[in-house]
Amino acid sequence: MKIRLVNNGVFTLIDDIENTLTAPADGFYWIDADVEDLAVLQPLFTIHDLAVEDCLSEEDQRPKIEIYDNHYFIVVNSIRFDDEEIFLRSLNIFLGRHFIITITRQKINELRTLKPLLWEQEVNSPDRFMYLLIDLIVDSYFLVGDRIEVRIEKLEEDILMHTKKSHLNEIIGLRSEILWLKKVLGPQKEVINTLNKRDLRLIDEQLQKYFSDIYENAVKISETFDTYRDLMGNLREAYQSSIANRANEIMRVFTAITTVFMPLTVITGIYGMNFDNMPELHTRHGYFVVIGVMIALGSSMFLIFRKKDWI
């Protein structure tokens, strides 16, 4: 657990957590903690049992906001895209009048990238800290969306150039991830909308209006993932069409080859009959004549089919 006094974006480390119980002369306290630290934090800040239970839960938390007497409990989902796999990581926020507590199970990039932004904008209140943090989290969805779009474009190109069976698994997997993200974005939008419209005494009225911009971005992201979902449906149709065309192409080649060998089979069938009185049967060069006729016939049919672009 790290305790910082943030004064106009400048950090000062605090050793004794008891100091955070009273408001500083200027600035606010940022407590960056792990779930194990809740045992210490809960009695000090009178954190509600239900909020602690949500933080300790091993299951993925649904984004939400809970209003308590002296603090708000807010859950939002940060997103990461590592090694072609999407991860969601819950960020638990306790917002008070003079403090903000962030609790995570894994490292969240937005907390690291937020620090220079606090200094640059000389942040001096916990509500503005939360605004900037949620703004960064929502913006990260755009970056993930761009990477998903690149994957879709590459997959489309691969399907058109050379269809493989593995492409179907990629389509199904990517579509499932998109639907999963779309499902997560719904409640996250509602949380941001609540921060924008509801009368919340711990958030400055002027700052609260800025949450409308974040909400608009969240709506854009949701619409973008709707588009990606439709594109995945189109990709699946393209895959099935490509497979069908490939099968038709193979059958066309097989049919042409069969057609070429069909008259040759008739010739070999006739001369394979065990009759004495057959034309050319005892001719010295009859075998070579028949082979020559078969080669000439097969070659002629092959050239005709090639000319007509049947094979």
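In this text, all values refer to a predicted model and were calculated from it rather than measured experimentally.
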Can you confirm whether [X] is buried at [atom1], in the sense that more than 12 heavy atoms of other residues, nucleotides or ligands lie under 6.0 Å from that atom?
X	atom1	result
K2	NZ	no
D15	CG	no
Y210	OH	no
W119	CH2	no
D199	CG	no

Decide whether [X] and [Y] are clustered together by the hydrophobic rule: side chain heavy atoms of Ile, Leu, Val, Met, Phe, Trp, Tyr closer than 4.5 Å, transitively.
X	Y	result
F129	V75	no
L133	I31	no
V52	I101	yes
V123	L136	yes
L95	L38	no

Check whether [X] reaches the backbone of [Y] with its side chain - one donor and one acceptor, N or O, closer than 3.5 Å.
X	Y	answer
R105	L56	yes
T224	K220	yes
D16	N19	no
S212	K209	yes
N70	F45	yes
Y72	L202	yes
S57	E53	no

Heavy-atom side-chain proximity of [X] to [Y] below 4.5 angstrom:
X	Y	answer
N92	V76	no
L195	L200	yes
H98	Y29	yes
F28	L5	no
Q208	D204	no
K189	I221	no
D34	I103	no
L231	N234	yes

For [X] against [Y], the heavy-atom pair lying closest together:
X	Y	answer
I171	L235	CD1-O, 3.8 Å
N8	N124	N-OD1, 2.8 Å
R4	I14	C-CG1, 4.4 Å
P24	G27	CG-O, 3.4 Å
I100	P126	CD1-O, 3.8 Å
A33	L41	CB-CD1, 3.8 Å

Hey, could you give me the [atom1]/[atom2] distance between [X] and [Y], rounded to the nearest 0.5 Å?
X	Y	atom1	atom2	result
N193	E216	CG	CD	11.0 Å
I74	I65	CD1	CD1	4.5 Å
I178	Y228	CD1	OH	8.0 Å
D32	T104	CG	OG1	6.0 Å
N196	L207	CG	CG	10.5 Å
S176	R229	OG	CZ	13.0 Å

Mind checking whether H71 and Y68 have parallel, tilted or perpendicular rings, split at 30° and 60°?
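Answer is tilted, since the angle falls between 30° and 60°.
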For the aromatic rings, using the six-membered ring if either is Trp, is the centroid distance between F73 and F94 under 6.0 Å?
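Between F94 and F73, which both carry aromatic rings, the centre distance is below 6.0 Å.
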Criterion side-chain contact (heavy atoms from CB on, under 4.5 Å) on I79 and L143, from CA distance to verdict:
CA-CA 10 Å; I79 190 171; L143 299 177; over 6 Å; no
Assess the residue pair R128 and Q121 against the criterion (side chain to side chain donor-acceptor pair (under 3.5 Å)); give the C-alpha distance rounded to whole Å, side-chain angles, the decisive distance to 0.1 Å, and a yes or no.
CA-CA 10 Å; R128 185 161 183 81; Q121 298 195 15; 2.7 Å; yes
Should D226 and K182 be marked as a salt bridge (Lys or Arg N to Asp or Glu O under 4.0 Å) after you check the CA-CA gap, both sets of side-chain angles, and the distance that decides it?
CA-CA 8 Å; D226 282 335; K182 185 70 174 61; 3.6 Å; yes
Chi angles and distances behind the salt bridge (Lys or Arg N to Asp or Glu O under 4.0 Å) call for D54, K64:
CA-CA 11 Å; D54 286 339; K64 63 180 179 179; 2.3 Å; yes
Regarding D49 and Q42, do their side chains bring together a donor and an acceptor under 3.5 Å, going by distance alone?
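Yes - a donor-acceptor pair under 3.5 Å links their side chains.
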With side-chain contact (heavy atoms from CB on, under 4.5 Å) as the criterion, how do N77 and R89 come out once you've worked through the C-alpha distance, each side chain's angles and the decisive distance to 0.1 Å?
CA-CA 5 Å; N77 284 323; R89 295 179 174 177; over 6 Å; no
How far apart are the C-alpha atoms of W30 and F99, what are their side-chain angles, what is the distance that settles it, and do they pass the ring pair (Phe, Tyr, Trp, His ring centres under 6.0 Å) test?
CA-CA 6 Å; W30 171 26; F99 67 88; over 10 Å; no
Does R80 count as lying over the ring of F87, i.e. NZ or CZ under 6.0 Å from the six-ring centre, within 45 degrees of the axis?
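Because its charged atom misses either the 6.0 Å distance or the 45° angle limit, R80 does not stack over F87.
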Assess the residue pair I172 and M232 against the criterion (side-chain contact (heavy atoms from CB on, under 4.5 Å)); give the C-alpha distance rounded to whole Å, side-chain angles, the decisive distance to 0.1 Å, and a yes or no.
CA-CA 8 Å; I172 295 173; M232 296 312 298; over 6 Å; no
Given V6 and V10, is the side-chain contact (heavy atoms from CB on, under 4.5 Å) satisfied, shown in steps?
CA-CA 5 Å; V6 184; V10 179; over 6 Å; no
